[in-house]
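In what follows, chains carry the letters A, B, and so on, assigned in the order in which the sequence lines appear, proteins first and then strands, with residues in each chain numbered from 1. Atom set for the values below is all heavy atoms of this structure, side chains included, hydrogens, waters and symmetry mates excluded. Quick caveat: nothing in here was measured; it's all calculated off a predicted structure.
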Protein chains: 2
Amino acid sequence: MGDRLRKHIEEVVPLSDDEYAFVLSHFSKEAYGKNDFIIQQGESVNHCYFVISGLLKLDYNGLDGKDHIISFAMENWWESDFAAFFTQTKAQMSLQCIEETHVLSISLNNYNKLAADFPKMEYFFLKKSNAGHIASQRRILSFLTSSAKERYEQLLEQYPILFQRVPKMLLASYLGVSRETLSRLSH
Amino acid sequence: MGDRLRKHIEEVVPLSDDEYAFVLSHFSKEAYGKNDFIIQQGESVNHCYFVISGLLKLDYNGLDGKDHIISFAMENWWESDFAAFFTQTKAQMSLQCIEETHVLSISLNNYNKLAADFPKMEYFFLKKSNAGHIASQRRILSFLTSSAKERYEQLLEQYPILFQRVPKMLLASYLGVSRETLSRLSH
DNA sequence: TCATAATTGTGATGTTTGTCACACAATAGT
DNA sequence: ACTATTGTGTGACAAACATCACAATTATGA
């Protein structure tokens, strides 16, 4: 479990023991309980997080008070309010634990230092960012092309595990439908 | 006009004349006519494009034969089917000119070489990729939080120029509503 | 310039989805 | 074990949006 980050990075670039130790020295380990907020809307965002275990939701609370889930973050995912993190502005989203969660966090300073001092990691971050961009485009496409029922079925196919770990009202919020509609879609 | 790319890069990192010449040597200039395809669904995607002038649409043709526009690309935008480009798979989207368009294209080889040989550009590409990811998240959020009418008004506010350059049926396709609904929303 | 194609507006109608209301089930904390 | 809280299912109704049909307008090209 201690080297989950290493395995994750080595899917993109190989690392020696020393290199991994150097990388790891830029992170700090944090633990959160269920329902804890890692990022709160309106506060400043100083870190980006790698999920070791547990489950997070990145969400936006609209003026109507409704919860809109931009993404879930499971084991091996990177998450933050990236807009706020990279531009050092206040969070427009919150990052909250759905389960007890362990993360490795990296500050923007350390992120920049790591990228600047260690080309392998700049390459890794670039790959990850591109992958994130592509994943977001896929999600946009599903809104453009698919009905609520189709989006539900796509999610069920792609991340069946979510249906066991996440209350359905949150899945509804992720899919962009009301919980009542989601309930009716499932049969 | 010839140094539009340079100005664009220098918004992120400064470049000497020599450095810019080096960067530029990795690109080739291409011109396309209205309605030309730069990328066709099903073909391989060997390049990523920087728009010097003109206007493109990145779209997906569903099984129903409908056009779903993932994004428009105007002056100073980078566009490609990034999933296909980075993983060297077949295009799932098409990239087509709405207007006569001039681009600078870079192959994946040159992209990787440029990033590897010239840290400033790897940094630049990382910044751009992060910005793209953030922009996509904003778009997801607008689908989650906003009605068709609200999305229409957001688009009108953010890119009024599109309403002069793009047929409304394409805007409808971008917003995810029928052209009839869009027509009714506009008054 | 004229004919053709592409785009736009609008009514009538049906489908999908949201909202409100309430009962019931599951979960968490003491 | 027992409340309080949180989550789920379902009916009735309203709102948003899609679809079809057709007329009107605006580009486009030989």
Side-chain angles (χ1 to χ4, degrees), chain A residues 32-37 54-55 57 59-69 72 94 96-101 140 142-156 161-187, chain B residues 32-37 54-55 57 59 61-69 72 96-101 140-156 162-187:
Chain A
Y32 294 91
K34 186 170 175 175
N35 294 327
D36 284 0
F37 283 93
L55 181 57
K57 67 183 171 81
D59 57 359
Y60 175 83
N61 269 87
L63 301 169
D64 48 3
K66 280 180 202 159
D67 205 33
H68 301 284
I69 298 185
F72 295 107
S94 68
Q96 189 180 10
C97 301
I98 295 174
E99 305 171 353
E100 180 186 351
T101 296
I140 290 170
S142 83
F143 277 108
L144 288 174
T145 63
S146 307
S147 67
K149 175 153 205 171
E150 289 164 333
R151 294 202 302 281
Y152 168 83
E153 282 158 359
Q154 287 163 17
L155 185 66
L156 188 56
I161 191 76
L162 281 179
F163 289 74
Q164 289 153 35
R165 294 169 73 177
V166 175
K168 296 191 178 170
M169 52 183 309
L170 296 186
L171 295 180
S173 167
Y174 175 85
L175 289 169
V177 295
S178 68
R179 57 167 203 82
E180 293 95 331
T181 297
L182 181 66
S183 169
R184 287 185 253 261
L185 289 178
S186 38
H187 38 247
Chain B
Y32 294 90
K34 185 170 176 175
N35 295 327
D36 283 0
F37 284 91
L55 182 56
K57 67 183 170 82
D59 57 359
N61 269 87
L63 301 169
D64 48 4
K66 280 182 202 158
D67 207 33
H68 302 284
I69 298 184
F72 295 107
Q96 191 180 8
C97 301
I98 294 173
E99 305 171 352
E100 181 187 351
T101 297
I140 290 170
L141 205 52
S142 83
F143 277 108
L144 288 174
T145 62
S146 308
S147 67
K149 175 154 206 170
E150 289 165 331
R151 294 202 302 281
Y152 167 82
E153 282 158 358
Q154 288 163 16
L155 185 64
L156 188 56
L162 280 179
F163 290 73
Q164 289 151 37
R165 293 170 72 177
V166 175
K168 297 191 177 169
M169 52 185 307
L170 296 186
L171 294 180
S173 166
Y174 175 85
L175 289 169
V177 295
S178 68
R179 58 166 202 82
E180 294 95 332
T181 296
L182 181 65
S183 169
R184 285 185 255 259
L185 289 178
S186 39
H187 40 246

Interatomic distance where CG belongs to A:L175 and P belongs to C:dG18 [whole Å]: 10 Å
Exam field: side chain B:S142 to backbone B:R151, donor-acceptor pair closer than 3.5 Å: no
Integer-rounded Å distance: D:dA18 C1' and B:L185 CG: 12 Å
Nucleotide nearest A:M169 when distance is taken to its side chain, options C:dA12, D:dT10, D:dT8: D:dT8
Nearest-angstrom distance from the residue atom NZ of B:K66 to C1' of D:dC20: 12 Å
CD (A:E100) with more than 12 external heavy atoms under 6.0 Å: no
Any donor-acceptor N/O pair under 3.5 Å between C:dG18 base and A:R179 side chain: no
Single hit among A:D67, A:L175, A:L162, A:D59 for side chain to side chain contact (heavy atoms under 4.5 Å, CB included) with A:L170: A:D67
N/O (side chain, B:K149) to phosphate O (OP1/OP2, D:dC17) under 4.0 Å: no
Candidate nucleotides C:dG11, D:dA12, D:dA18, ranked by approach to the side chain of B:S178 - the nearest: D:dA18
Side-chain donor/acceptor contact of A:R184 with base of C:dT19 under 3.5 Å: yes
A:E150 backbone acceptor or donor facing A:E153 side chain under 3.5 Å: no
Interatomic distance, A:N35 CG vs D:dT6 C1' [rounded to whole Å]: 10 Å
Between C:dT8 (P) and B:F163 (CZ): distance, integer Å: 12 Å
Residue-phosphate contact under 4.0 Å: A:T181 side-chain N/O, C:dT17 OP1/OP2: no
Parallel, tilted or perpendicular: ring planes of B:F163 versus B:Y152, cut at 30 and 60 degrees: perpendicular
A:L182 CG - C:dT19 P separation (whole Å): 14 Å
N or O in side chain of B:K34 less than 4.0 angstrom from C:dA6 OP1/OP2: no
D:dA16 phosphate, OP1 or OP2, under 4.0 Å from B:S147 side-chain N/O: no
Under-4.0 Å side-chain N/O to phosphate OP1/OP2 contact, A:H187 with D:dT10: yes
Nearest-Å distance for atom pair NZ/C1', residues B:K168 and C:dA6: 15 Å
Heavy-atom donor-acceptor pair, B:E180 side-chain to D:dC17 base, under 3.5 Å: no
Atom pair distance, as rounded to whole Å: CG in B:L144 and C1' in C:dG18: 15 Å
